[in-house]
Amino acid sequence: MAIVAGVDFGTLSVRVTLVDDQSGPIGFGTAEYPLHRKRGDPDYATQSHADHMDALTAAMRKALTSAGLDGHEVAALAIDTTGSSVVMVGENLEPLDDYYLWCDHRAKEEAEQITRLAHQEGLEAIRWCGGVYSHEWGFAKVLHWLRHNPDKRDRFVTALEHCDMIAATLTGASDPRSVKRSVCAMGHKWMWNPRWSGLPSQAFLSKVDPLFDGIRDKLAGVYATSDTIAGHLTEPWAERLGLRPGIPIPVGAFDAHWDAIGAGCRVGDAVNVVGTSTCIIAMAPEVDLIQGVCGIVPGSVAPSLVGIEAGLSATGDIFEAIARRANTRIGALSEGLDRYRAGETGLLRLTWDNGDRTVLVRADLSGMTLGWNLMHTAQDELFAAIEGTAFHTRIILERMMQGGVPVERVINAGGIPQNSPVLNQVYANVLGRPVLVPDALPTGLGSSIFASLAAGTYPDLERAQDAICRPFQVFHPDPTTQVVYDQLFSLYRTLYFGFGGKGELLSLSHVLPELKRLARQAS
(Lines give C-alpha, C1' and ligand atoms only; values in the text may rest on other atoms or scores of the structure.)
Protein backbone atom coordinates (compact mmCIF):
# COMPACT_ATOMS: atom_id res chain seq x y z
CA MET A 1 0.00 0.00 0.00
CA ALA A 2 1.15 3.54 -0.74
CA ILE A 3 -0.17 7.08 -0.50
CA VAL A 4 0.31 8.82 -3.86
CA ALA A 5 -0.47 12.25 -5.32
CA GLY A 6 -2.22 12.75 -8.63
CA VAL A 7 -1.80 16.26 -10.07
CA ASP A 8 -4.19 17.55 -12.74
CA PHE A 9 -3.53 20.96 -14.33
CA GLY A 10 -6.67 22.32 -15.97
CA THR A 11 -7.24 25.53 -17.87
CA LEU A 12 -7.94 27.67 -14.79
CA SER A 13 -6.81 25.62 -11.79
CA VAL A 14 -4.73 22.71 -10.56
CA ARG A 15 -6.24 19.85 -8.58
CA VAL A 16 -4.22 17.54 -6.32
CA THR A 17 -5.80 14.21 -5.40
CA LEU A 18 -4.20 12.19 -2.62
CA VAL A 19 -4.99 8.50 -2.96
CA ASP A 20 -4.53 5.47 -0.78
CA ASP A 21 -3.83 3.10 -3.65
CA GLN A 22 -5.61 0.26 -1.89
CA SER A 23 -8.84 2.09 -1.03
CA GLY A 24 -9.15 5.27 -3.09
CA PRO A 25 -9.08 9.09 -2.65
CA ILE A 26 -8.41 10.47 0.82
CA GLY A 27 -7.74 14.16 0.23
CA PHE A 28 -8.13 16.98 -2.30
CA GLY A 29 -6.73 20.42 -2.85
CA THR A 30 -7.23 22.98 -5.61
CA ALA A 31 -5.75 26.36 -6.47
CA GLU A 32 -6.44 28.76 -9.31
CA TYR A 33 -4.11 30.74 -11.58
CA PRO A 34 -4.84 33.63 -13.93
CA LEU A 35 -5.50 33.22 -17.64
CA HIS A 36 -4.08 36.17 -19.54
CA ARG A 37 -6.29 37.50 -22.33
CA LYS A 38 -6.16 40.63 -24.50
CA ARG A 39 -9.30 42.57 -25.35
CA GLY A 40 -7.90 43.49 -28.76
CA ASP A 41 -6.82 39.93 -29.59
CA PRO A 42 -9.43 37.26 -28.79
CA ASP A 43 -7.03 34.51 -29.93
CA TYR A 44 -4.52 35.35 -27.18
CA ALA A 45 -4.41 33.01 -24.13
CA THR A 46 -1.30 32.60 -21.98
CA GLN A 47 -0.29 31.58 -18.48
CA SER A 48 2.80 31.93 -16.33
CA HIS A 49 4.94 28.99 -15.30
CA ALA A 50 5.58 30.70 -11.96
CA ASP A 51 1.83 31.00 -11.37
CA HIS A 52 1.42 27.29 -12.10
CA MET A 53 4.12 26.33 -9.61
CA ASP A 54 2.71 28.63 -6.93
CA ALA A 55 -0.73 27.09 -7.44
CA LEU A 56 0.68 23.56 -7.28
CA THR A 57 2.32 24.41 -3.96
CA ALA A 58 -0.93 25.78 -2.55
CA ALA A 59 -3.03 22.86 -3.82
CA MET A 60 -0.62 20.26 -2.47
CA ARG A 61 -0.61 21.88 0.96
CA LYS A 62 -4.43 21.99 0.95
CA ALA A 63 -4.63 18.32 -0.08
CA LEU A 64 -2.28 17.26 2.73
CA THR A 65 -4.34 19.23 5.24
CA SER A 66 -7.57 17.74 3.83
CA ALA A 67 -6.20 14.22 4.27
CA GLY A 68 -4.61 14.92 7.67
CA LEU A 69 -1.31 13.60 6.31
CA ASP A 70 2.35 14.27 6.87
CA GLY A 71 3.68 14.86 3.35
CA HIS A 72 6.54 12.43 3.99
CA GLU A 73 3.98 9.63 3.72
CA VAL A 74 3.45 10.39 -0.01
CA ALA A 75 5.40 7.83 -2.05
CA ALA A 76 5.11 9.24 -5.59
CA LEU A 77 3.39 11.93 -7.63
CA ALA A 78 2.34 12.14 -11.28
CA ILE A 79 1.23 15.04 -13.45
CA ASP A 80 -1.24 15.53 -16.27
CA THR A 81 -1.92 18.84 -17.99
CA THR A 82 -3.79 20.52 -20.81
CA GLY A 83 -2.23 20.39 -24.25
CA SER A 84 -0.87 21.53 -26.48
CA SER A 85 0.26 24.12 -23.91
CA VAL A 86 3.79 25.11 -24.84
CA VAL A 87 6.51 27.16 -23.17
CA MET A 88 9.69 28.39 -24.89
CA VAL A 89 12.77 28.08 -22.67
CA GLY A 90 16.39 29.17 -22.64
CA GLU A 91 19.46 27.95 -20.77
CA ASN A 92 18.73 25.82 -17.70
CA LEU A 93 15.14 25.53 -18.96
CA GLU A 94 14.30 29.05 -17.81
CA PRO A 95 11.03 30.24 -19.42
CA LEU A 96 11.53 32.93 -22.04
CA ASP A 97 7.83 33.75 -22.06
CA ASP A 98 4.46 32.56 -20.79
CA TYR A 99 2.87 29.34 -21.98
CA TYR A 100 0.94 29.44 -25.23
CA LEU A 101 -2.11 27.78 -23.68
CA TRP A 102 -4.01 25.09 -25.62
CA CYS A 103 -6.79 27.62 -26.29
CA ASP A 104 -4.40 30.23 -27.68
CA HIS A 105 -5.43 30.42 -31.35
CA ARG A 106 -2.90 32.92 -32.69
CA ALA A 107 -1.00 30.38 -34.81
CA LYS A 108 -3.68 29.87 -37.49
CA GLU A 109 -1.51 31.04 -40.38
CA GLU A 110 1.38 28.85 -39.22
CA ALA A 111 -0.88 25.79 -38.93
CA GLU A 112 -2.33 26.35 -42.40
CA GLN A 113 1.19 26.64 -43.80
CA ILE A 114 2.28 23.39 -42.16
CA THR A 115 -0.85 21.61 -43.41
CA ARG A 116 -0.48 22.92 -46.96
CA LEU A 117 3.19 21.97 -47.28
CA ALA A 118 2.62 18.57 -45.65
CA HIS A 119 0.11 17.68 -48.37
CA GLN A 120 2.34 19.08 -51.12
CA GLU A 121 5.29 17.03 -49.84
CA GLY A 122 3.22 13.88 -49.20
CA LEU A 123 4.22 13.89 -45.52
CA GLU A 124 2.92 10.68 -43.99
CA ALA A 125 2.46 12.27 -40.58
CA ILE A 126 -0.31 14.62 -41.75
CA ARG A 127 -2.51 11.66 -42.66
CA TRP A 128 -2.24 10.34 -39.10
CA CYS A 129 -3.52 13.56 -37.51
CA GLY A 130 -6.72 13.81 -39.50
CA GLY A 131 -5.22 15.54 -42.53
CA VAL A 132 -5.04 18.96 -40.83
CA TYR A 133 -2.36 20.36 -38.54
CA SER A 134 -4.08 22.46 -35.87
CA HIS A 135 -3.25 25.95 -34.68
CA GLU A 136 -3.64 24.53 -31.16
CA TRP A 137 -0.60 22.27 -31.62
CA GLY A 138 3.08 22.59 -30.82
CA PHE A 139 4.92 23.31 -34.07
CA ALA A 140 2.44 26.03 -35.05
CA LYS A 141 2.80 27.74 -31.67
CA VAL A 142 6.61 27.61 -31.75
CA LEU A 143 6.73 29.08 -35.25
CA HIS A 144 4.33 31.87 -34.26
CA TRP A 145 6.55 32.68 -31.26
CA LEU A 146 9.73 32.68 -33.35
CA ARG A 147 8.16 35.01 -35.90
CA HIS A 148 6.90 37.47 -33.29
CA ASN A 149 9.81 37.48 -30.82
CA PRO A 150 12.95 38.23 -32.86
CA ASP A 151 14.65 39.75 -29.80
CA LYS A 152 14.45 36.42 -27.92
CA ARG A 153 15.31 33.98 -30.71
CA ASP A 154 19.02 33.79 -29.91
CA ARG A 155 18.19 32.65 -26.37
CA PHE A 156 15.73 29.95 -27.49
CA VAL A 157 17.01 26.51 -26.47
CA THR A 158 13.90 24.34 -26.75
CA ALA A 159 10.13 24.21 -26.31
CA LEU A 160 8.38 22.00 -23.79
CA GLU A 161 4.86 20.76 -23.34
CA HIS A 162 3.31 21.72 -20.02
CA CYS A 163 3.40 18.19 -18.56
CA ASP A 164 7.10 17.83 -19.43
CA MET A 165 8.02 21.27 -18.11
CA ILE A 166 6.37 20.65 -14.74
CA ALA A 167 8.12 17.29 -14.36
CA ALA A 168 11.46 18.81 -15.44
CA THR A 169 11.07 21.60 -12.89
CA LEU A 170 10.22 19.29 -10.00
CA THR A 171 13.06 16.88 -10.82
CA GLY A 172 15.69 19.58 -11.40
CA ALA A 173 16.35 18.83 -15.07
CA SER A 174 18.32 21.55 -16.86
CA ASP A 175 19.71 19.91 -19.99
CA PRO A 176 17.10 19.63 -22.79
CA ARG A 177 18.64 16.37 -23.96
CA SER A 178 18.06 14.78 -20.57
CA VAL A 179 14.42 15.82 -20.34
CA LYS A 180 11.92 13.01 -20.63
CA ARG A 181 9.29 13.99 -23.21
CA SER A 182 5.81 12.51 -23.13
CA VAL A 183 4.92 10.45 -26.20
CA CYS A 184 1.29 11.32 -25.42
CA ALA A 185 2.00 15.03 -25.86
CA MET A 186 4.53 14.76 -28.67
CA GLY A 187 2.60 12.08 -30.55
CA HIS A 188 -0.79 13.79 -30.56
CA LYS A 189 0.37 17.38 -31.07
CA TRP A 190 3.85 17.32 -32.68
CA MET A 191 3.50 14.54 -35.29
CA TRP A 192 5.93 12.27 -33.43
CA ASN A 193 5.60 8.56 -34.20
CA PRO A 194 8.10 5.68 -34.32
CA ARG A 195 6.50 4.72 -37.65
CA TRP A 196 8.57 7.48 -39.32
CA SER A 197 11.43 7.57 -36.80
CA GLY A 198 10.05 10.27 -34.58
CA LEU A 199 9.41 13.86 -35.61
CA PRO A 200 9.05 15.04 -39.21
CA SER A 201 12.39 15.51 -40.96
CA GLN A 202 14.47 18.64 -40.54
CA ALA A 203 14.30 19.14 -44.32
CA PHE A 204 10.51 19.38 -44.14
CA LEU A 205 10.52 21.65 -41.10
CA SER A 206 13.08 24.01 -42.63
CA LYS A 207 10.99 24.18 -45.78
CA VAL A 208 8.04 25.34 -43.68
CA ASP A 209 10.19 28.27 -42.51
CA PRO A 210 13.98 28.76 -42.17
CA LEU A 211 13.30 29.85 -38.60
CA PHE A 212 12.84 26.13 -37.97
CA ASP A 213 16.46 25.39 -38.92
CA GLY A 214 17.84 23.10 -36.21
CA ILE A 215 14.47 22.75 -34.45
CA ARG A 216 14.48 18.96 -34.64
CA ASP A 217 17.76 18.84 -32.73
CA LYS A 218 16.41 21.36 -30.20
CA LEU A 219 13.46 19.06 -29.57
CA ALA A 220 15.78 16.17 -28.75
CA GLY A 221 15.32 14.30 -25.51
CA VAL A 222 14.16 10.94 -24.26
CA TYR A 223 10.68 10.25 -25.67
CA ALA A 224 8.96 7.93 -23.25
CA THR A 225 5.65 6.45 -22.12
CA SER A 226 4.27 7.03 -18.65
CA ASP A 227 5.67 3.82 -17.19
CA THR A 228 9.06 5.58 -17.36
CA ILE A 229 10.36 7.62 -14.43
CA ALA A 230 11.04 11.23 -15.48
CA GLY A 231 13.12 11.83 -12.36
CA HIS A 232 12.90 12.29 -8.62
CA LEU A 233 11.65 15.19 -6.54
CA THR A 234 14.44 17.59 -5.61
CA GLU A 235 15.03 18.76 -2.06
CA PRO A 236 14.05 22.40 -2.72
CA TRP A 237 10.75 21.41 -4.30
CA ALA A 238 10.10 18.75 -1.68
CA GLU A 239 10.46 21.37 1.03
CA ARG A 240 8.22 23.80 -0.83
CA LEU A 241 5.49 21.20 -1.47
CA GLY A 242 5.73 19.60 1.96
CA LEU A 243 6.77 16.21 0.57
CA ARG A 244 9.69 13.84 0.98
CA PRO A 245 12.64 14.43 -1.40
CA GLY A 246 13.55 11.71 -3.85
CA ILE A 247 10.07 10.34 -4.56
CA PRO A 248 9.59 9.20 -8.18
CA ILE A 249 7.75 11.25 -10.80
CA PRO A 250 6.75 9.37 -13.96
CA VAL A 251 6.55 10.90 -17.44
CA GLY A 252 3.33 12.90 -17.67
CA ALA A 253 0.52 13.05 -20.22
CA PHE A 254 -2.54 15.04 -21.27
CA ASP A 255 -5.49 15.35 -18.92
CA ALA A 256 -8.10 13.68 -21.16
CA HIS A 257 -5.89 10.63 -21.76
CA TRP A 258 -5.32 10.07 -18.06
CA ASP A 259 -8.94 10.92 -17.27
CA ALA A 260 -9.77 7.95 -19.50
CA ILE A 261 -7.46 5.73 -17.48
CA GLY A 262 -8.98 7.07 -14.25
CA ALA A 263 -12.45 6.33 -15.63
CA GLY A 264 -11.48 2.67 -16.09
CA CYS A 265 -10.72 2.57 -19.82
CA ARG A 266 -9.67 -0.85 -21.16
CA VAL A 267 -9.39 -2.29 -24.65
CA GLY A 268 -12.94 -2.33 -26.01
CA ASP A 269 -13.93 0.91 -24.28
CA ALA A 270 -14.47 4.38 -25.70
CA VAL A 271 -14.32 7.12 -23.09
CA ASN A 272 -16.14 10.39 -23.78
CA VAL A 273 -14.48 13.05 -21.63
CA VAL A 274 -17.39 15.49 -21.85
CA GLY A 275 -16.77 19.08 -20.80
CA THR A 276 -16.65 22.34 -22.73
CA SER A 277 -15.63 20.12 -25.63
CA THR A 278 -15.47 16.32 -25.85
CA CYS A 279 -12.31 14.26 -26.10
CA ILE A 280 -12.92 10.64 -27.11
CA ILE A 281 -10.22 8.19 -26.04
CA ALA A 282 -9.84 4.52 -26.92
CA MET A 283 -7.07 1.92 -27.01
CA ALA A 284 -6.21 -1.06 -29.18
CA PRO A 285 -3.32 -3.49 -29.59
CA GLU A 286 -2.78 -2.30 -33.14
CA VAL A 287 -4.55 0.22 -35.38
CA ASP A 288 -3.93 1.37 -38.91
CA LEU A 289 -4.70 4.81 -40.34
CA ILE A 290 -8.31 5.96 -39.78
CA GLN A 291 -9.41 8.79 -42.06
CA GLY A 292 -10.51 11.85 -40.12
CA VAL A 293 -9.29 10.65 -36.71
CA CYS A 294 -6.78 13.17 -35.41
CA GLY A 295 -4.50 11.06 -33.25
CA ILE A 296 -3.26 7.46 -33.34
CA VAL A 297 -0.15 7.13 -31.18
CA PRO A 298 1.57 4.08 -29.67
CA GLY A 299 1.77 4.29 -25.89
CA SER A 300 -0.11 7.57 -25.51
CA VAL A 301 -2.76 6.24 -23.11
CA ALA A 302 -1.63 2.84 -21.85
CA PRO A 303 2.11 2.27 -22.44
CA SER A 304 1.72 -1.08 -24.21
CA LEU A 305 -1.22 -0.14 -26.47
CA VAL A 306 -2.01 2.26 -29.28
CA GLY A 307 -3.92 5.31 -28.10
CA ILE A 308 -6.69 6.74 -30.29
CA GLU A 309 -7.94 10.29 -29.78
CA ALA A 310 -10.90 12.01 -31.44
CA GLY A 311 -13.53 14.47 -30.31
CA LEU A 312 -16.07 17.26 -30.67
CA SER A 313 -14.82 20.84 -30.81
CA ALA A 314 -17.68 22.05 -28.61
CA THR A 315 -20.15 20.37 -26.26
CA GLY A 316 -20.74 22.15 -22.96
CA ASP A 317 -19.81 25.40 -24.68
CA ILE A 318 -22.84 24.93 -26.97
CA PHE A 319 -25.17 24.24 -24.05
CA GLU A 320 -23.91 27.33 -22.23
CA ALA A 321 -24.28 29.47 -25.37
CA ILE A 322 -27.92 28.44 -25.79
CA ALA A 323 -28.63 29.42 -22.18
CA ARG A 324 -26.74 32.70 -22.55
CA ARG A 325 -28.71 33.69 -25.65
CA ALA A 326 -31.91 32.96 -23.73
CA ASN A 327 -30.68 35.19 -20.88
CA THR A 328 -30.77 32.36 -18.37
CA ARG A 329 -28.43 29.86 -16.74
CA ILE A 330 -27.82 26.33 -17.93
CA GLY A 331 -29.10 24.88 -14.63
CA ALA A 332 -32.43 26.61 -14.95
CA LEU A 333 -32.76 25.75 -18.63
CA SER A 334 -32.04 22.08 -17.88
CA GLU A 335 -34.95 21.69 -15.48
CA GLY A 336 -37.59 19.49 -17.11
CA LEU A 337 -35.35 18.05 -19.85
CA ASP A 338 -36.14 14.57 -18.53
CA ARG A 339 -39.68 14.95 -19.87
CA TYR A 340 -38.55 15.19 -23.49
CA ARG A 341 -38.98 12.21 -25.81
CA ALA A 342 -36.83 11.29 -28.80
CA GLY A 343 -37.80 13.34 -31.85
CA GLU A 344 -40.35 15.38 -29.90
CA THR A 345 -38.83 18.78 -30.65
CA GLY A 346 -38.80 18.30 -34.42
CA LEU A 347 -35.34 19.89 -34.37
CA LEU A 348 -32.06 18.44 -35.60
CA ARG A 349 -28.93 20.18 -34.34
CA LEU A 350 -25.55 19.99 -36.11
CA THR A 351 -23.07 20.87 -33.36
CA TRP A 352 -20.39 22.57 -35.44
CA ASP A 353 -20.49 25.81 -33.44
CA ASN A 354 -16.69 25.63 -33.02
CA GLY A 355 -16.02 23.68 -36.22
CA ASP A 356 -15.64 19.94 -36.75
CA ARG A 357 -12.65 18.21 -35.17
CA THR A 358 -13.56 14.64 -36.18
CA VAL A 359 -14.51 13.15 -38.76
CA LEU A 360 -14.62 15.95 -41.32
CA VAL A 361 -11.78 17.94 -39.69
CA ARG A 362 -13.11 21.32 -40.85
CA ALA A 363 -12.64 24.35 -38.64
CA ASP A 364 -14.63 26.47 -41.12
CA LEU A 365 -17.99 24.79 -40.37
CA SER A 366 -20.66 26.44 -38.22
CA GLY A 367 -23.51 25.14 -36.09
CA MET A 368 -27.00 24.88 -37.51
CA THR A 369 -30.46 23.81 -36.36
CA LEU A 370 -33.12 22.51 -38.75
CA GLY A 371 -36.85 22.27 -38.15
CA TRP A 372 -37.68 25.55 -36.39
CA ASN A 373 -41.26 26.75 -36.01
CA LEU A 374 -42.70 29.76 -34.20
CA MET A 375 -43.38 27.85 -30.96
CA HIS A 376 -39.92 26.43 -30.35
CA THR A 377 -38.07 27.41 -27.15
CA ALA A 378 -34.47 27.61 -25.99
CA GLN A 379 -35.08 24.43 -23.98
CA ASP A 380 -36.13 22.65 -27.17
CA GLU A 381 -32.84 23.69 -28.74
CA LEU A 382 -30.88 22.56 -25.68
CA PHE A 383 -32.41 19.09 -25.85
CA ALA A 384 -31.76 18.97 -29.61
CA ALA A 385 -28.14 20.01 -28.96
CA ILE A 386 -27.70 17.14 -26.48
CA GLU A 387 -29.09 14.79 -29.14
CA GLY A 388 -26.81 16.41 -31.74
CA THR A 389 -23.64 15.83 -29.70
CA ALA A 390 -24.73 12.21 -29.22
CA PHE A 391 -25.29 11.78 -32.97
CA HIS A 392 -21.87 13.29 -33.71
CA THR A 393 -20.32 10.94 -31.16
CA ARG A 394 -21.98 8.02 -32.97
CA ILE A 395 -20.48 9.24 -36.29
CA ILE A 396 -17.04 9.20 -34.67
CA LEU A 397 -17.40 5.83 -32.95
CA GLU A 398 -18.65 4.22 -36.17
CA ARG A 399 -15.62 5.60 -38.04
CA MET A 400 -13.29 4.28 -35.33
CA MET A 401 -14.91 0.85 -35.45
CA GLN A 402 -14.61 0.80 -39.25
CA GLY A 403 -10.89 1.37 -38.69
CA GLY A 404 -10.56 -1.63 -36.42
CA VAL A 405 -10.94 -0.01 -32.98
CA PRO A 406 -13.07 -2.24 -30.72
CA VAL A 407 -15.90 -0.33 -29.00
CA GLU A 408 -17.89 -2.62 -26.74
CA ARG A 409 -18.53 -0.23 -23.85
CA VAL A 410 -18.99 3.53 -23.70
CA ILE A 411 -17.86 5.42 -20.59
CA ASN A 412 -18.98 9.02 -20.09
CA ALA A 413 -16.34 10.84 -18.03
CA GLY A 414 -15.70 14.55 -17.49
CA GLY A 415 -17.74 17.02 -15.47
CA ILE A 416 -21.02 17.17 -17.42
CA PRO A 417 -22.01 13.47 -17.18
CA GLN A 418 -21.69 13.68 -13.39
CA ASN A 419 -24.55 16.18 -13.34
CA SER A 420 -26.70 15.26 -16.34
CA PRO A 421 -28.61 11.96 -16.25
CA VAL A 422 -30.54 13.22 -19.29
CA LEU A 423 -27.39 13.48 -21.38
CA ASN A 424 -26.23 10.01 -20.32
CA GLN A 425 -29.60 8.43 -21.17
CA VAL A 426 -29.77 10.19 -24.55
CA TYR A 427 -26.27 8.93 -25.34
CA ALA A 428 -27.22 5.36 -24.39
CA ASN A 429 -30.30 5.52 -26.62
CA VAL A 430 -28.48 7.10 -29.56
CA LEU A 431 -25.41 4.86 -29.35
CA GLY A 432 -27.48 1.75 -28.78
CA ARG A 433 -25.37 0.42 -25.94
CA PRO A 434 -25.03 0.91 -22.18
CA VAL A 435 -23.31 4.10 -21.07
CA LEU A 436 -21.22 3.76 -17.91
CA VAL A 437 -20.62 6.79 -15.68
CA PRO A 438 -18.16 6.71 -12.74
CA ASP A 439 -19.97 7.42 -9.48
CA ALA A 440 -17.58 10.32 -8.77
CA LEU A 441 -15.48 12.65 -10.91
CA PRO A 442 -12.44 10.64 -12.10
CA THR A 443 -10.25 13.74 -12.58
CA GLY A 444 -6.92 13.10 -10.85
CA LEU A 445 -7.42 9.34 -10.59
CA GLY A 446 -5.49 8.68 -13.80
CA SER A 447 -2.46 10.55 -12.53
CA SER A 448 -2.84 8.76 -9.18
CA ILE A 449 -2.79 5.42 -10.98
CA PHE A 450 0.48 6.25 -12.74
CA ALA A 451 1.91 7.55 -9.47
CA SER A 452 0.97 4.23 -7.87
CA LEU A 453 2.80 2.35 -10.62
CA ALA A 454 5.85 4.57 -10.04
CA ALA A 455 5.65 3.75 -6.32
CA GLY A 456 5.74 0.04 -7.21
CA THR A 457 2.49 -0.98 -5.53
CA TYR A 458 1.06 -2.71 -8.60
CA PRO A 459 2.77 -4.68 -11.36
CA ASP A 460 0.55 -3.38 -14.16
CA LEU A 461 -1.96 -0.71 -15.11
CA GLU A 462 -5.02 -2.96 -15.00
CA ARG A 463 -4.51 -4.02 -11.40
CA ALA A 464 -3.93 -0.42 -10.35
CA GLN A 465 -7.19 0.53 -12.09
CA ASP A 466 -9.05 -2.29 -10.33
CA ALA A 467 -8.04 -0.82 -6.98
CA ILE A 468 -8.37 2.92 -7.64
CA CYS A 469 -11.11 3.47 -10.25
CA ARG A 470 -14.65 4.23 -9.13
CA PRO A 471 -17.66 1.91 -9.66
CA PHE A 472 -20.10 2.77 -12.44
CA GLN A 473 -23.68 3.87 -12.71
CA VAL A 474 -25.10 2.28 -15.85
CA PHE A 475 -27.59 3.86 -18.26
CA HIS A 476 -29.20 1.21 -20.48
CA PRO A 477 -30.70 2.04 -23.89
CA ASP A 478 -34.46 1.90 -24.19
CA PRO A 479 -35.28 -0.30 -27.24
CA THR A 480 -38.35 1.76 -28.28
CA THR A 481 -36.47 5.06 -28.06
CA GLN A 482 -33.50 3.54 -29.84
CA VAL A 483 -35.69 2.82 -32.88
CA VAL A 484 -36.66 6.50 -33.10
CA TYR A 485 -33.06 7.63 -32.72
CA ASP A 486 -31.94 5.28 -35.47
CA GLN A 487 -34.34 7.10 -37.81
CA LEU A 488 -33.13 10.52 -36.64
CA PHE A 489 -29.51 9.44 -36.95
CA SER A 490 -30.09 8.50 -40.58
CA LEU A 491 -31.22 12.09 -41.19
CA TYR A 492 -28.33 13.47 -39.14
CA ARG A 493 -25.79 11.43 -41.06
CA THR A 494 -27.20 12.69 -44.37
CA LEU A 495 -26.94 16.30 -43.19
CA TYR A 496 -23.52 15.80 -41.60
CA PHE A 497 -21.87 14.57 -44.77
CA GLY A 498 -24.16 16.57 -47.08
CA PHE A 499 -23.33 19.97 -45.60
CA GLY A 500 -19.88 19.13 -44.30
CA GLY A 501 -18.52 16.72 -46.88
CA LYS A 502 -17.02 17.47 -50.24
CA GLY A 503 -18.62 14.72 -52.30
CA GLU A 504 -21.57 14.69 -54.66
CA LEU A 505 -24.61 16.89 -54.05
CA LEU A 506 -27.37 15.17 -52.09
CA SER A 507 -31.12 15.66 -52.15
CA LEU A 508 -32.25 16.98 -48.77
CA SER A 509 -35.91 17.53 -49.61
CA HIS A 510 -37.05 14.68 -47.35
CA VAL A 511 -35.35 15.95 -44.16
CA LEU A 512 -37.81 18.57 -42.86
CA PRO A 513 -40.97 16.53 -43.58
CA GLU A 514 -39.40 13.55 -41.84
CA LEU A 515 -38.54 15.66 -38.78
CA LYS A 516 -42.17 16.79 -38.60
CA ARG A 517 -43.41 13.21 -38.93
CA LEU A 518 -41.19 12.02 -36.08
CA ALA A 519 -42.30 14.97 -33.90
CA ARG A 520 -45.98 14.12 -34.49
CA GLN A 521 -45.26 10.49 -33.72
CA ALA A 522 -43.61 11.44 -30.40
CA SER A 523 -46.40 13.80 -29.30
Side-chain angles (χ1 to χ4, degrees), residues 9 11-12 33-52 81-118 120 123 125-126 129 132-166 168-169 176 179 181 185-186 188-192 199-221 354-355 363-364:
F9 278 92
T11 303
L12 298 175
Y33 30 73
L35 170 61
H36 305 300
R37 294 279 196 181
K38 288 184 177 180
R39 181 176 294 274
D41 185 358
D43 290 331
Y44 184 96
T46 69
Q47 283 176 338
S48 158
H49 179 64
D51 287 344
H52 284 163
T81 66
T82 63
S84 192
S85 294
V86 182
V87 64
M88 319 308 161
V89 299
E91 292 295 331
N92 298 316
L93 303 190
E94 286 296 322
L96 297 175
D97 221 327
D98 283 354
Y99 285 93
Y100 273 56
L101 204 62
W102 69 272
C103 53
D104 186 300
H105 293 166
R106 285 176 287 168
K108 293 175 182 175
E109 180 181 338
E110 288 75 14
E112 290 170 1
Q113 188 175 347
I114 292 169
T115 299
R116 185 166 56 250
L117 183 64
Q120 290 173 2
L123 186 74
I126 197 67
C129 57
V132 177
Y133 195 79
S134 172
H135 55 273
E136 293 186 357
W137 297 353
F139 277 119
K141 293 175 186 284
V142 173
L143 183 54
H144 183 276
W145 186 87
L146 290 170
R147 286 175 171 174
H148 292 83
N149 292 276
D151 58 321
K152 299 177 183 177
R153 283 182 205 148
D154 61 344
R155 291 187 284 145
F156 174 67
V157 171
T158 191
L160 290 170
E161 280 285 346
H162 191 189
C163 59
D164 297 332
M165 181 64 174
I166 298 293
T169 300
V179 170
R181 293 184 184 266
M186 302 306 289
H188 285 289
K189 311 301 182 184
W190 297 75
M191 297 190 286
W192 176 91
L199 297 171
S201 72
Q202 183 59 60
F204 169 79
L205 294 168
S206 292
K207 197 167 183 178
V208 171
D209 192 306
L211 289 174
F212 268 163
D213 286 352
I215 189 67
R216 202 174 190 274
D217 187 55
K218 289 181 177 181
L219 293 172
N354 200 28
D364 59 336

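The structure presented is a predicted model; accordingly, all values stated were derived computationally and were not measured.
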* Residues that Ser48 engages under side-chain hydrogen bond (donor to acceptor under 3.5 Å, both in side chains), provided they are two or more places apart -> none

* Just by distance, with hydrogens left out, do His105 and Glu136 show a side-chain donor and acceptor under 3.5 Å apart? -> yes

* Structure fact -> Applying side-chain hydrogen bond (donor to acceptor under 3.5 Å, both in side chains) to Thr81 and not counting sequence neighbours gives none

* Parallel, tilted or perpendicular: which fits the ring planes of His52 and His162, with parallel below 30° and perpendicular above 60°? -> parallel

* Structure fact -> Sorted by chain and residue number, the side chain to side chain contact (heavy atoms under 4.5 Å, CB included) partners of Leu35 (sequence neighbours excluded) come out as Leu12, Arg37, Ala45, Gln47, Leu101

* Does Gln202 have any side-chain hydrogen bond (donor to acceptor under 3.5 Å, both in side chains) partners at least two apart in sequence or in another chain, and if so, which? -> Ser206

* Those residues that, when tested against Asp209, pass salt bridge (Lys or Arg N to Asp or Glu O under 4.0 Å) (two or more places apart) -> Arg147

* Can you list the residues that meet the salt bridge (Lys or Arg N to Asp or Glu O under 4.0 Å) rule with Asp364, with sequence neighbours excluded? -> Arg362

* Set of residues satisfying salt bridge (Lys or Arg N to Asp or Glu O under 4.0 Å) with respect to Arg216, sequence neighbours excluded -> none

List, one per line, each side-chain donor-acceptor pair under 3.5 Å for residues 87-99, sequence neighbours excluded.
{"residue": "Asp97", "atom": "OD2", "partner": "Trp145", "partner atom": "NE1", "Å": "3.1"}
{"residue": "Asp97", "atom": "OD2", "partner": "Lys152", "partner atom": "NZ", "Å": "3.2"}
{"residue": "Tyr99", "atom": "OH", "partner": "His49", "partner atom": "ND1", "Å": "3.1"}

* Could I get the full list of side-chain hydrogen bond (donor to acceptor under 3.5 Å, both in side chains) partners for Trp190, not counting sequence neighbours? => Glu161

* To do: Taking ring pair (Phe, Tyr, Trp, His ring centres under 6.0 Å) as the test, write out the residues that go with Phe204, two or more places apart.
  => none

* To do: Sequence neighbours left out, what passes salt bridge (Lys or Arg N to Asp or Glu O under 4.0 Å) with Lys108? Give chain and number order.
  => Asp43

* **Partners passing ring pair (Phe, Tyr, Trp, His ring centres under 6.0 Å) against His144 (at least two apart in sequence or in another chain)** => Tyr100, His148

